[in-house]
Amino acid sequence: MSEAPSERGAEAGRRLGVGVIHGLFRPRILGAWKVPATGPAILAVNHSHNVDGPVVMGVSPRATHFLIKKEAFIGPLGAFLTGIGQLKVDRTTTDRTAITDALGVLENGGVLGIFPEGTRGEGDFASLRAGLAYFAVRSGAPIVPVAVLGSAERRGRLIKALPPLRSRIDVVFGDPFDAGDGSGRRTRRALDEATTHIQKQLTEHLESARRLTGR
């Protein structure tokens, strides 16, 4: 049985992220007040660059436990990620340990971070995996859409794996919404309907964020 993700560690990671992200880049944060101040919540983040997760961790008003691919948990980095309360997930199978850990975060009133597209891509929410709907319907936690814009526009000169130093990255938080229909049903049909609803909400938020930021 795995240990519960560390809330204290996640808060330490958030505080570290604040310094690092504001030191490396110029994040513009819009709508952070929309994240519920207490209780469980799920941050659904688009994903076009490796820095998207750390950026959101560093600008979110609450400590966040992200589901991160197991390939990142290697050596010292793996110990660090575990120490700051992040969750390892095997994307090639139904990872029951990751599911239990993620639901545990929500049951304890914490914030779960998810890249609903499952992997890095265009960051347009065009294709969602079913995990987000399952966690939202199962826990009843509201979903907060998060659009990260500008992280993949250009490559840095000094460190090509990062955006240019001191470049502007916009992070736009949207209005929380419920994924389910209120019935608590977790049938395949209910989850499919929830996924369709989620995709519509996330796509609309991304379009709104682009208009708002001009990106």
Side-chain angles (χ1 to χ4, degrees), residues 13-37 41-69 72 86 91 111-129 131-133 135-136 142-179 195-215:
R14 186 188 73 84
R15 295 188 181 194
L16 176 63
V18 169
V20 172
I21 297 306
H22 283 81
L24 292 177
F25 311 114
R26 293 186 298 118
R28 182 169 60 167
I29 309 152
L30 303 172
W33 57 270
K34 296 180 180 181
V35 177
I42 300 173
L43 302 186
V45 185
N46 67 322
H47 196 22
S48 59
H49 197 286
N50 283 331
V51 301
D52 294 338
V55 166
V56 173
M57 282 183 62
V59 304
S60 173
R62 294 178 61 187
T64 306
H65 303 266
F66 266 97
L67 280 166
I68 301 173
K69 61 183 180 181
Q86 305 310 294
R91 299 176 299 174
V111 178
L112 180 67
I114 293 181
F115 299 114
E117 296 158 289
T119 187
R120 191 173 73 254
E122 294 299 318
D124 56 4
F125 293 126
S127 178
L128 304 191
R129 299 180 71 164
L132 174 55
F135 290 127
I143 296 172
V144 179
V146 185
V148 180
L149 303 172
S151 60
E153 285 182 352
R154 293 178 295 139
R155 294 169 61 177
R157 292 181 180 179
L158 295 178
I159 307 175
K160 295 189 182 300
L162 295 178
L165 298 180
R166 306 305 299 158
S167 60
R168 197 187 82 201
I169 297 176
D170 292 327
V171 183
V172 185
F173 294 86
D175 294 316
F177 66 91
D178 292 324
T195 298
T196 299
H197 175 59
I198 290 169
Q199 186 166 29
K200 178 176 182 293
Q201 294 290 109
L202 296 185
T203 301
E204 289 179 354
H205 170 66
L206 184 59
E207 292 172 352
S208 174
R210 285 175 171 159
R211 288 194 301 269
L212 182 64
T213 61
R215 308 189 87 148

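With Thr203 contributing its side chain and Gln199 its backbone, the two residues share a donor-acceptor pair below 3.5 Å. Here the side chain of Arg62 pairs a donor or acceptor atom with the backbone of Pro36 at under 3.5 angstrom. Using modelled atom types, one side-chain atom of His47 and one backbone atom of His49 make a donor-acceptor pair closer than 3.5 Å. Gln86 places a side-chain N or O within 3.5 Å of a backbone atom of Thr64 that can act as its donor or acceptor partner. Remark: the backbone N or O of Arg26 is not paired with any side-chain donor or acceptor of Arg168 at under 3.5 angstrom.
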(message) Run Thr213 and Leu30 through side-chain contact (heavy atoms from CB on, under 4.5 Å) and show every step you take.
(response) CA-CA 9 Å; Thr213 61; Leu30 303 172; 4.0 Å; yes
(request) Run the numbers on Val51 and Ile21 for side-chain contact (heavy atoms from CB on, under 4.5 Å), then give the verdict. (result) CA-CA 9 Å; Val51 301; Ile21 297 306; 6.0 Å; no
(request) With side-chain contact (heavy atoms from CB on, under 4.5 Å) as the test, would you mind laying out the steps for Ile143 and Gln201 before giving the verdict? (result) CA-CA 10 Å; Ile143 296 172; Gln201 294 290 109; over 6 Å; no
(request) Start with the C-alpha gap between His205 and Val172, add the side-chain angles, then the distance that decides, and say whether side-chain contact (heavy atoms from CB on, under 4.5 Å) holds. (result) CA-CA 9 Å; His205 170 66; Val172 185; 3.8 Å; yes
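Annotation for Ser167 and Pro163: closest pair OG-CB, 3.8 Å, computed over non-hydrogen atoms. For Val59 against His22, the heavy-atom pair with the smallest separation is CG1-CE1, 4.4 Å. Of all heavy-atom pairs between Val18 and Gly58, the closest is CG2-O, 3.2 Å. Shown here for Leu132 and Ala44, the closest heavy-atom pair between the two residues is CD2-CB, 3.9 Å. Closest approach of Asp170 to Arg28, counting heavy atoms only: OD1-NE, 2.9 Å. Among all heavy-atom pairs drawn from Pro61 and Ala32, the shortest one is CG-O, 3.5 Å.
Counting only heavy atoms from C-beta outward, the side chains of Ile198 and Pro116 never approach each other to under 4.5 Å. No side-chain heavy atom of Phe25 sits under 4.5 Å from any side-chain heavy atom of Ser151. The side-chain heavy atoms of Val171 and Val146, taken from C-beta on, include a pair separated by under 4.5 Å. Within the 4.5 Å cutoff, the side chain of Asp52 has no heavy atoms near those of the Ile169 side chain. Counting heavy atoms from C-beta on, the side chains of Val20 and Pro54 never come closer than 4.5 Å.
No more than 12 heavy atoms of other residues, nucleotides or ligands shown are found within 6.0 angstrom of CZ on Arg15.
Taking the six-membered ring for Trp and thresholds of 30 and 60 degrees, Phe66 and Phe115 have nearly parallel ring planes, at less than 30 degrees apart.
Interatomic distance, Arg14 CZ to Met57 CE, rounded to the nearest 0.5 Å: 10.0 Å.
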